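Predicted, not measured: the structure shown is a model, and the values here were computed from it. We count ligands from 1, going down the list as the structure has it; atoms in each ligand are counted the same way.
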Amino acid sequence: MKAPRLHIPIHYLKGVGPRLAGDLEHLGIKTIDDLFAYYPYRYDEYELKDLAEVNDQEQTTIVGKIQSEPLLHYYGKKKSRLTVRILSGKYLIQVVLFNRPFLKRTLTLGSVVTVTGKWDRNRAMLTASEIHAGEPDPGSKWSPVYTACSGISVRKLRALVKQAFIQYPDCIKENLPAAFIERYRLTGKREAVRTIHFPEDQEQLRQARRRLVYEEFLLYELKLHAYKQLKRVSQNGVQMNIDRPAVQKFIEALPFALTAAQERVVNEILSDMGAAFSMNRLLQGDVGSGKTIVAAIALYAAAVSGYQGALMVPTEILAEQHADQLDGLFAPYGITTGLLTGSVRGKRRGTLLRGLAEGKINVLVGTHALIQPEVIFRKLGLVVTDEQHRFGVRQRGALRLKGKEPDILYMTATPIPRTLALSVFGDMDVSTIDQLPGGRKKIKTYWVQEKIIDRVIHFMRNELEQGRQAYVICPLIEESEQLDVQNAIDVYTHLSQALPEFKVALMHGRLTPEEKEAAMDAFKKKEVQVLVSTTVVEVGVNVPNASLMIIYDADRFGLSQLHQLRGRVGRGNVQSYCILLADAKSETSKEKMRLMAETTDGFKLSGYDLKLRGPGDFFGSKQSGLPNFRLADMIHDYRTLTVARDDASRLVKSHEFWHADCYAPLRETLAESGLTQTVHLD
Ligand SMILES: Nc1ncnc2c1ncn2[C@@H]1O[C@H](COP(=O)(O)OP(=O)(O)OP(=O)(O)O)[C@@H](O)[C@H]1O
């Protein structure tokens with residue numbers, strides 16, 4: 001690629017001295033380009049209204065003449081209130097400014113000012129967010145509002161951007177090829193940037209935003225695709241010799257036939273494992289869609305081709321469950337499975353680790369204990385991590401280092417739309433199981449008030465009498481594990497008394513791993529009919545005979561978590577039920593309960609969850625490594641994301657993109673964002 005083009009330093013801009021340049025740097029603005037790309041986060045609407053038309057507490061802008069000397073009043077430490085009377089039209093109003101004492105000297109009697117703020121109709125008072133001398137610009141009724149910092153006001157930023165448009169408009173270069181602009185009827189780059197700073201009307205702003213969002217997505221997706229392509233070309237991963245007939249036999253021996261979706265993802269995974277690049281794949285599927293068996297097939301394939309495999313899961317209960325299940329599947333083929341958790345200690349642990357290092361253990365299942373330094377594999381080829389609803393991503397690397405570029409498969413039970421998954425999980429490929437095994441009945445979900453608990457217990461008794469089992473979930477009270485446990489104990493006591501003919505067990509985070517295992521075991525063996533628990537059972541537990549899930553204070557959980565919990569039932573072919581006990585008050589809570597009762601589709605629910613909570617919360621904020629866009633929003637601009645993704649995928653694979661002149665600006669922009677290698681296509 002060509003050398004990156006030069007950027008004009010910000011101090012070349014008229015009026016920017018060393019001090020201001022320093023302040024601008026705090027905002028990440030070092031060059032003229034940075035300034036142009038420093039988009040406003042909102043606009044003040046300078047539609048001058050007659051105050052009679054402005055509603056109480058509404059934001060408005062007025063022009064008026066100062067009628068009194070400003071009064072400055074200090075209170076508390078460093079807090080101040082500046083008041084001044086202004087005549088706007090026929091209204092004499094009070095304008096209040098908090099904590100900006102320095103404005104006192106600029107508000108001179110008789111001068112004209114433009115004020116933006118919140119209107120308190122009853123007190124005829126405007127609490128100003130902004131005030132400046134003179135009338136607003138005649139050209140535009142919108143004024144950009146930027147994130148400012150000490151030393152630089154929003155006004156200053158506006159002036160600087162204006163100045164940049166006067167001095168350096170040529171810095172804004174079109175980087176999309178004309179064909180794209182035409183195809184999508186996009187605004188040109190310079191016009192779009194000008195509009196995003198100084199829009200004249202809503203429609204124009206919408207178009208400018210559309211253009212810039214598309215460009216942001218396109219660049220992001222180009223980078224992702226290009227990196228993926230480069231990685232595939234570099235071929236440094238484990239290349240297994242997959243014994244397809246053996247794998248086929250293993251699949252045929254399973255007690256059920258794979259769903260078409262499972263078959264498809266198995267093929268995707270096996271072909272990655274057989275290839276020379278190292279696999280980095282996300283396997284997503286709704287709760288109960290049969291991800292575990294897909295992982296088992298992959299682990300089997302690795303073992304048969306002479307490699308070791310590891311399966312890392314979030315809890316001990318789950319590790320034991322999976323180790324049991326895998327051992328049952330693998331033992332007939334002479335493949336050994338080991339279990340490593342915090343509770344495996346002493347001699348047992350020593351033997352296990354030795355076996356692992358010598359290659360006698362083919363598949364190791366465990367919790368994050370797997371990443372400890374003393375865990376050494378002889379020939380690790382495949383790592384599967386079951387992250388369930390957690391998108392916690394940072395522990396991944398450690399396990400990968402235990403082999404030479406092993407293949408990696410991440411499993412998650414919070415499926416999200418494919419394009420979004422591919423984009424959020426950047427460098428990963430995504431396999432999606434979008435189908436549940438046949439014969440499953442839809443879980444019937446009801447939202448009821450807690451006061452009818454007696455009726456719920458009656459219903460529960462009916463189910464138990466038919467030989468089924470029930471989970472009862474008490475919420476996790478984050479502030480206090482103590483309260484949390486107490487809560488579970490209370491419910492446990494109440495249910496034990498209400499259902500004396502059945503066995504009720506209790507499980508919570510304060511129990512030792514052995515106690516937890518015993519409770520879970522008894523439940524699996526049907527010695528216990530009701531399992532009262534905090535959310536420890538949330539992830540992955542598989543007891544197909546359980547048909548009833550009761551969730552206390554259901555409104556305290558997130559949608560995805562509720563769906564996970566509900567997914568503990570409906571795993572066999574009996575009719576299952578989920579009862580949400582909640583005296584939901586807020587609209588969001590009510591909405592959550594309604595959605596849960598309405599749909600059992602995990603894709604739909606995670607979509608709603610994303611909207612309700614926002615991507616930061618949903619993916620677990622910074623951890624997730626969500627890309628930072630200036631304007632674009634992966635959820636709201638999802639359709640544009642899909643289009644940009646398709647375009648990028650096509651471009652990266654085309655010879656033209658890497659060589660034709662019309663793509664040079666895009667290639668340059670990519671180079672500036674760190675992609676310095678050219679992808680050579682075969
Ligand atoms: N193709 C299939 N046909 C019938 N039953 C299946 C099929 N695949 C898996 N199952 C069964 O469905 C149940 C759920 O499967 P599994 O535990 O693999 O789901 P999962 O996707 O891992 O779910 P979760 O995310 O809730 O842990 C298991 O009892 C499993 O044996």
For ligand 1, indicate whether the residue [X] contacts it via side chain, backbone, both or neither (heavy-atom separation under 4.0 Å).
X	answer
Q262	side chain
R568	side chain
R440	side chain

Worksheet entry | Option of least heavy-atom distance to atom 3 (N) of ligand 1 (set: P437, P255, G285, A261) |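 Going through P437, P255, G285, A261 one by one, P437 has the nearest heavy atom to atom 3 (N) of ligand 1.
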Practice prompt. Only heavy atoms count here, so choose which of T292, L283, T412 is nearest to atom 16 (P) of ligand 1.
Written response: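 The option holding the nearest heavy atom is T292.
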Worksheet entry | Contact with ligand 1 for S289, non-hydrogen, under 4.0 angstrom |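 Flag set, S289 near ligand 1.
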Worksheet item: Below 4.0 Å from any atom of ligand 1, is there a heavy atom belonging to G288?
Response: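 A heavy atom of G288 does come that close to ligand 1.
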Show me which atoms of ligand 1 lie under 4.0 Å from any heavy atom of [X].
X	value
A257	1 (N), 2 (C), 3 (N)
T259	1 (N)
K291	18 (O), 19 (O), 20 (P), 21 (O), 22 (O), 23 (O), 24 (P), 25 (O)
L258	1 (N)

Is there a donor-acceptor contact under 3.5 Å from the side chain of [X] to the main chain of [Y]?
X	Y	result
S547	S576	no
T599	L595	no
H563	L559	no

Item to complete: Report yes if some heavy atom in the side chain of M596 is under 4.5 Å from a heavy atom in the side chain of W447; otherwise report no.
Response: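 Contact flag for M596/W447 side chains = no.
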Item to complete: Would you mind telling me which of V491, D490, I473 makes a side-chain contact (heavy atoms from CB on, under 4.5 Å) with Y552?
Response: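 The passing option is V491.
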Worksheet item: Is there any N or O on G290 that sits under 3.5 Å from an N or O of ligand 1?
Response: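 Checking ligand 1 against G290, an N or O pair does fall under 3.5 Å apart.
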Worksheet item: So, for R645 and L224, which heavy atoms are closest and what is the spacing to 0.1 Å?
Response: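 Distance-wise, the nearest heavy atoms are NH1-CD1, 4.2 Å.
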Discussion item. For E320, is there an ion pair with K524 - N to carboxylate O distance below 4.0 angstrom?
Written reply: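 E320 and K524: not salt-bridged.
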Discussion item. We want to know whether E591 and T588 form a side-chain donor-acceptor pair, criterion being a heavy-atom distance below 3.5 angstrom.
Written reply: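 Result is no, nothing qualifies.
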